[in-house]
Amino acid sequence: MFLLAVDRATNKPLEPPSEFIVKVQDINDNPPEFLHGPYYARVPEMSNVGTSVMQVTATDADDPTYGNSARLVYSILQGQPYFSVEPQTGIIRTALPNMDREARQEYDVVIQAKDMGGHMGGLSGTTEVKITLTDVNDNPPKFPQSVYAMSVSEDKVSGEEVGRLKAKDPDLGENGLVSYRFIEGDGMTVFEITTDTDTREGVIKLRKPVDFETKRAYTLRVEASNTHLDPRFIAWGPYKDTATVKVMVEDADEPPAFMATSYSFEVEENARDGTVVGRVHAKDTDVANNPVRYMIPRYTDVEQFFSVGPEDGIIKTTRPLDRETLPWHNISVSATEIGGHHQDTKVRVNIKVKDMNDNAPEFATQNEILVCENVSPGKLIETVSAVDKDEMVHRQYFHFSIAPEAVNNQNFSLKDNRDSTASIYVTRRGFSRMTQDVYFLPIEINDNGNPPMSSTNTLTIRVCSCDSKDTILSCNVEPYILPAGLSTGALIAILACIVILLAIVVLFVALRRQKKEPLILFEEEDIRENIITYDDEGGGEEDTEAFDIATLQNPDGANGFLPRKDIKPELQYPMRPGGHPVANSVDVDDFIKTRINDADNDPTAPPYDSIQIYGYEGRGSIAGSLSSLESVTTDSDLDYDYLQSWGPRFKKLADLYGTKDSADDNS
């Protein structure tokens, strides 16, 4: 800093400025501080004494160059005797050997930093350090008990669980993994043991089924061992433990057991019913040894070719068997114990039908043999063979010969080739189709079996026309019958013309039928001029129930609209409101007037009159009205004598009215 002396009166400097240096002397007024606390550290369990855990460092704001104000010394206030700290560096170390994580895992350590070199009057600061012991594999697995008792039923199948056991290991993670194995015992081939990775249990399972009647108990020695070992602690071993497992086999009600897994029998073909095929045998393996009953499930022998003795298991035929129809029969036989839970078991029975020579041989094919008219004598025309449904034994062959009834024929000969074939030769020179076009040659075939079987088969030989190279041209006799000059092509052309004419006629008729009728009827086709006779006599003037006026009404008119029948209206207008006679009304006059009014006011009607007459026959009729509807309104008596002059058509009417008049006069 700079200082200047001035005159108070004049305020002028009395001398040049002078520089002064002021040095502030530090005192111990700041305590040490741990800027990064609290601290967390980890150290393996069982570490040696002096193993470094971590280093802590404190800072002091005082001047480290002046005195001991910033000279720090570390000490441990909490955590002894497990840990210690180096006074000068602050390094924390283990102080006890064999610290066990399984006994205590976490420690809270308090470290103090004091200035003034740790002497009296110095300031201090503290921090907390949490130290965790990490796990090492320093504990072997241990079974809680030395003997385990388990049981399994004899009806359990392979792979089913028998029981579980667990060796405890307090270590964590892979240090606590345990594997199990059998090391000795009489059930090592019957049982197997695996490890459940989730629960760390040993799971004992069946390797193969057990039998109570054969062996009732098994003893196994199980070893549990760690899978990951720490080389530093191998000397502390062994890291394994053993236990004894005793497995008791429980009795179960088992089905009967057959003495064989399957049976195969043979039976002669065509053997009579009741022939013994073979015998199956099963027994109850339980202690009770109940008797067994046999049966054949029907679904394995649908046609019931066989039967089985319910008590002795003897299989017999129920009818003769045909090998050619079914050479093998595969059935099942069921054995059920009598008593208990009626459990059953099945066994496969394969029955072979042994062949017998019961089928005669026959031609392998039934084709016709074609031979030319100009064939030369001695020519081979065919080689025939035969088949037999029966089995052919070794060195067995078919023998061919011409049947006795045709042995003297002069047309063909046969040679047996002794290899189950025969050659057919021509023995005459040339044939004529006009004389005979088909020849039948009976051939006898013998199978040389035991017993021998033979059959006579007919060989059909057809004569054909051939060219000079023996190429067949035709084998039919029809070309010789056709009239001269009319070829096959001409016949086809004639048939084609007939078919075309028929098609034209059918088309013309179809078009005529599809012609539409005109919308407006011509006068001669008007249906209003057609008289329909019903042969139904009315009940007279007083009969008001003999007819239903609703039948005269148009159903469309009842809904308020009456369309025209002779044209198709382009617009439909609603009918004007008004009273329409209901369906049951008998007022025909009102009904007719209403229809006339509707027709007059219909804008869609054509300009011609289409009034339909219901109640009278027309004006100007000599006979007047014949309707009984008007007879109600008149009391005048009419003279009907003129009806006699109308001819025979009105004779009935004249007789009726004439009779009535006569009756009135007589009265």
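- Between Arg164 and Asp196 there is a salt bridge, since a side-chain N of the basic residue sits under 4.0 Å from a carboxylate O of the acidic one.
- Other residues, nucleotides and ligands contribute over 12 non-hydrogen atoms within 6.0 Å of the CD atom of Glu324.
- Around atom CE of Met188, more than 12 heavy atoms belonging to other residues, nucleotides or ligands sit under 6.0 Å away.
- In summary, the side chains of Asp60 and Asn30 do not present any donor paired with an acceptor at a separation below 3.5 Å, with no hydrogens or angles considered.
- Looking at residues two or more places apart in sequence or on another chain, you find no side-chain contact (heavy atoms from CB on, under 4.5 Å) involving Asp273.
- Between Phe400 and Phe398, the ring planes are perpendicular. Angles over 60° get that label, and only those under 30° would be called parallel.
- Proximity of Asn137 to Leu229: side-chain heavy atoms (C-beta onward) are separated by under 4.5 Å at one or more points.
- A donor-acceptor pair under 3.5 Å is absent between the side-chain atoms of Asn359 and the main chain of Asp388, judged by distance alone.
- Summarising the local packing, CD of Gln145 is surrounded by more than 12 heavy atoms from other residues, nucleotides or ligands at distances under 6.0 Å.
- Scored by the side-chain contact (heavy atoms from CB on, under 4.5 Å) test, Arg216 finds Phe212, Val287 as partners (sequence neighbours excluded).
- Salt-bridge formation is detected for the pair Arg181/Glu223: a Lys NZ or Arg NE/NH1/NH2 atom is positioned less than 4.0 Å from an Asp or Glu carboxylate oxygen.
- Legend: side-chain hydrogen bond (donor to acceptor under 3.5 Å, both in side chains) pairs involving residues 79-89, not counting sequence neighbours, sorted by first then second residue: Glu86-Thr89, Glu86-Arg93.
- No side-chain N or O of Glu368 forms a donor-acceptor pair with one of Thr460 less than 3.5 Å apart.
- Residue Arg104 places its CZ atom among more than 12 non-hydrogen atoms of other residues, nucleotides or ligands, all under 6.0 Å distant.
- Residues satisfying the side-chain contact (heavy atoms from CB on, under 4.5 Å) criterion with Met116, sequence neighbours excluded, are Asn28, Asn68, Ser69.
- Under a 4.0 Å N-O distance rule, the pair Lys205/Glu161 does not qualify as a salt bridge.
- Under the 3.5 Å distance criterion, with hydrogens and angles disregarded, a donor-acceptor pair is assigned to the side chains of Asp169 and Asn226.
- Within the 3.5 Å criterion, the main-chain N or O of Pro256 finds no donor-acceptor partner in the side chain of Asp284.
- More than 12 heavy-atom neighbours from other residues, nucleotides or ligands sit within 6.0 angstrom of CZ on Arg298.
- Between Asp416 and Arg418 there is no salt bridge, since no side-chain N of the basic residue sits under 4.0 Å from a carboxylate O of the acidic one.
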Criterion side-chain contact (heavy atoms from CB on, under 4.5 Å) on Asp100 and Asp138, from CA distance to verdict: CA-CA 9 Å; Asp100 190 5; Asp138 58 338; 3.6 Å; yes
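- No side-chain heavy atom of Ile443 sits under 4.5 Å from any side-chain heavy atom of Thr456.
- Within 6.0 Å of NZ on Lys246 lie no more than 12 heavy atoms contributed by other residues, nucleotides or ligands.
- Within the 4.5 Å cutoff, side-chain heavy atoms of Thr132 are placed close to those of Gln105.
- Sorted by first and then second residue, the ring pair (Phe, Tyr, Trp, His ring centres under 6.0 Å) pairs involving residues 176-208 (not counting sequence neighbours) are Phe191-Tyr218.
- Checked against the 6.0 Å centroid threshold, His329 and Phe306 count as a close aromatic pair.
- Within 6.0 Å of the NZ atom in Lys215, the count of heavy atoms belonging to other residues, nucleotides or ligands exceeds 12.
- There is a side-chain donor-acceptor pair under 3.5 Å between Asp171 and Asn139.
- Residues satisfying the salt bridge (Lys or Arg N to Asp or Glu O under 4.0 Å) test with Asp108, not counting sequence neighbours, are Lys130.
- Side-chain N/O atoms of Asn417 and Ser423 include a donor and acceptor closer than 3.5 Å.
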